[in-house]
Participant: 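Questions regarding the structure given below will be posed in turn.
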Amino acid sequence: KFLLISRLLVDKGIYEFIEAIKLLKKENRQFSALILGAIDGLNSSGIEKSELKNWISQGLIIHHNFTDDVRPFIFNSDCVVLPSYREGTPKSLLEGAAMGKPLIATNVPGCKDVVEDGLNGFICEPRSADDLASVMRKVLTMDKTLLENFGIESHKKISNEYDENLVNQIYLNSIN
C-alpha cells in the first residue's frame, strides 16, 4: 500500500504518481495506492474534481479527503510517497518516518533531507513518472525484512535529527 499525503496540486507530483501507478498496473503488479488530501480549488495548480473521480473510477487510487489525524492511514500503509517538485521540510515524510515507514521522495531540497536513498527509502527524479515507477517497483519486490529495516531506519533518522526538543534547542541556540 502506497500512501501519498498532500493537497491535490500538480506541484506535489500527483500526475507522476498516477502515471507511475498506471505503469505498474500494466505489469500486473498487485498493490493499492491511496491519496489522502483535499482538492484545492483556489490554487491554479489544483487537480480538477473530474480528474480525481476518473482516477477513482479506473481503480487507480483510493481517495480520502483532508483529515486532522493521518496516523491510521500511515499505520495501514507500507510506504509513504511524496513526488513533489519542491518542498520545505515535508511534514508527510516526517510523519511517515516517525511511524517507521519506508519513504519514496524526489531529489529536491527538503525531501532528500528526510530520505536517505537505499537506507530508509528511495529518491527519484522530480517530474519523472518512469523513475517513480522504478522505485515503487523496488519497494514492491523487496524482501519484507529489508522493507521493515527501511522503516526502522526512518524512525531512527527522525528521532536523531528532527526530534522536537532537538529542533527547539537549535532555534534557541540560533537566537542566542
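It should be emphasised that the depicted structure is a prediction, and the values quoted were computed from it without experimental measurement. Numbers for residues simply follow the sequence, beginning at 1.
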Participant: Taking the side chain from Ser154 and the backbone from Asn120, do they hold a donor-acceptor pair closer than 3.5 Å?
Facilitator: yes
Participant: Looking at CG of Asn168 and CG of Asn173, how far apart are the two atoms once the value is rounded to the nearest 0.5 Å?
Facilitator: 11.0 Å
Participant: Are Ile18 and Glu51 close enough that some pair of their side-chain heavy atoms sits under 4.5 Å apart?
Facilitator: no
Participant: Are His64 and Leu34 packed together at the side-chain level, in the sense that at least one heavy-atom pair is separated by less than 4.5 angstrom?
Facilitator: yes
Participant: Taking side chain as C-beta onward, heavy atoms only, is Leu103 less than 4.5 Å from Leu82?
Facilitator: no
Participant: Give me each pair satisfying salt bridge (charged side-chain N to carboxylate O under 4.0 Å, His left out) with a member in residues 135-150, each pair once, sequence neighbours excluded.
Facilitator: Glu27-Arg137
Participant: Please confirm whether the backbone N or O of Leu172 pairs with a side-chain atom of Asn176, one donor and one acceptor, at under 3.5 Å?
Facilitator: yes
Participant: Quick check: do Thr67 and Phe73 have side-chain heavy atoms less than 4.5 Å from each other?
Facilitator: yes
Participant: Taking Ser174 for its side chain and Ile170 for its backbone only, find out whether a donor-acceptor pair lies under 3.5 Å.
Facilitator: yes
Participant: Would you say the side-chain atoms of His63 pair up with the backbone N or O of Ala38, donor to acceptor, closer than 3.5 Å?
Facilitator: no
Participant: Looking at Pro83 and Leu4, what are the two nearest heavy atoms and their distance?
Facilitator: CD-CD1, 3.7 Å
Participant: Mind checking the CD1-OG spacing from Ile62 to Ser32? Nearest 0.5 Å is all I need.
Facilitator: 5.0 Å
Participant: Quick check: closest heavy atoms across Met136 and Ala20, and the distance to 0.1 Å?
Facilitator: SD-CB, 3.9 Å
Participant: How far apart are the closest heavy atoms of Leu36 and Asn65, and which atoms are they?
Facilitator: CD1-O, 3.2 Å
Participant: Please check if any side-chain donor atom of Gln58 sits under 3.5 Å from a side-chain acceptor atom of Asn54, or the reverse.
Facilitator: yes
Participant: Write down the atom of Val80, the atom of Ser92, and the distance for their closest heavy-atom approach.
Facilitator: CG1-O, 3.9 Å
Participant: Is Asp78 reaching over with its side chain to a backbone N or O of Lys1, donor-acceptor style, under 3.5 angstrom?
Facilitator: yes
Participant: Is there side-chain contact between Thr106 and Arg127, with at least one heavy-atom pair below 4.5 Å?
Facilitator: no
Participant: Which pair of non-hydrogen atoms, one from Cys124 and one from Asp131, has the smallest distance, and what is that distance?
Facilitator: CA-OD2, 3.2 Å
Participant: Is Leu24 reachable from Leu60 through a run of hydrophobic residues whose side-chain heavy atoms are each under 4.5 Å from the next?
Facilitator: yes
Participant: Counting C-beta onward and ignoring hydrogens, is there a side-chain heavy-atom pair between Ile47 and Val10 closer than 4.5 Å?
Facilitator: yes
Participant: About how many Å separate CG of Leu166 and OG of Ser159, when rounded to the nearest 0.5 Å?
Facilitator: 10.5 Å
Participant: According to a hydrophobic-cluster definition based on side-chain heavy atoms being under 4.5 Å apart (Ile, Leu, Val, Met, Phe, Trp, Tyr only), do Leu146 and Phe122 belong together?
Facilitator: yes
Participant: Does the side chain of Lys22 come within less than 4.5 Å of Lys25's, by heavy atoms?
Facilitator: no
Participant: I need the Ile35 CD1 to Ile14 CD1 distance, nearest 0.5 Å.
Facilitator: 4.5 Å
Participant: Establish whether Met142 and Leu140 are linked, either directly or via other cluster members, by ILVMFWY side-chain heavy-atom contacts under 4.5 Å.
Facilitator: yes
Participant: Using 0.5 Å steps for rounding, measure from the CD1 atom of Ile61 to the CD1 atom of Ile21.
Facilitator: 7.0 Å
Participant: If you count every heavy atom of other residues, nucleotides or ligands that lies below 6.0 Å from Lys49 atom NZ, does the total exceed 12?
Facilitator: no
Participant: Name all residues meeting the salt bridge (charged side-chain N to carboxylate O under 4.0 Å, His left out) criterion together with Arg71; count only those two or more places apart in sequence or in a different chain, and write none if there are none.
Facilitator: Asp69
Participant: Could you give all pairs that pass the salt bridge (charged side-chain N to carboxylate O under 4.0 Å, His left out) test and reach residues 31-41, with sequence neighbours left out?
Facilitator: Arg7-Asp40
Participant: Glu153: which residues meet the salt bridge (charged side-chain N to carboxylate O under 4.0 Å, His left out) condition with it, sequence neighbours left out?
Facilitator: Lys156
Participant: Is there a path of hydrophobic side-chain contacts, each under 4.5 Å between heavy atoms of I, L, V, M, F, W or Y residues, that connects Phe75 with Leu3?
Facilitator: yes
Participant: Tell me, which pairs form a salt bridge (charged side-chain N to carboxylate O under 4.0 Å, His left out) where one or both residues lie in residues 96-122, sequence neighbours left out?
Facilitator: Glu116-Lys157
Participant: Under 4.5 Å between side-chain heavy atoms, hopping through other hydrophobics if needed: is there a path connecting Val139 to Leu23?
Facilitator: no
Participant: Side-chain contact, heavy-atom cut-off 4.5 Å: Val114 with Ile158?
Facilitator: yes
Participant: Might you point out which heavy atoms bring Gly121 and Val115 nearest each other, and give the distance in Å?
Facilitator: C-CG1, 3.9 Å
Participant: Could you state the interatomic distance from OG (Ser84) to CD (Glu16), rounded to the nearest 0.5 Å?
Facilitator: 9.5 Å
Participant: In terms of relative ring orientation, are Phe2 and Phe31 parallel, tilted or perpendicular, with 30° and 60° separating the classes?
Facilitator: perpendicular
Participant: Can you tell me which residue pairs pass the salt bridge (charged side-chain N to carboxylate O under 4.0 Å, His left out) test with a partner in residues 80-96, sequence neighbours excluded?
Facilitator: Asp11-Arg86, Lys12-Glu87
Participant: For the residue pair Tyr15 and Trp55, does the interplanar ring angle fall in the parallel (under 30°), tilted (30 to 60°) or perpendicular (over 60°) class?
Facilitator: perpendicular
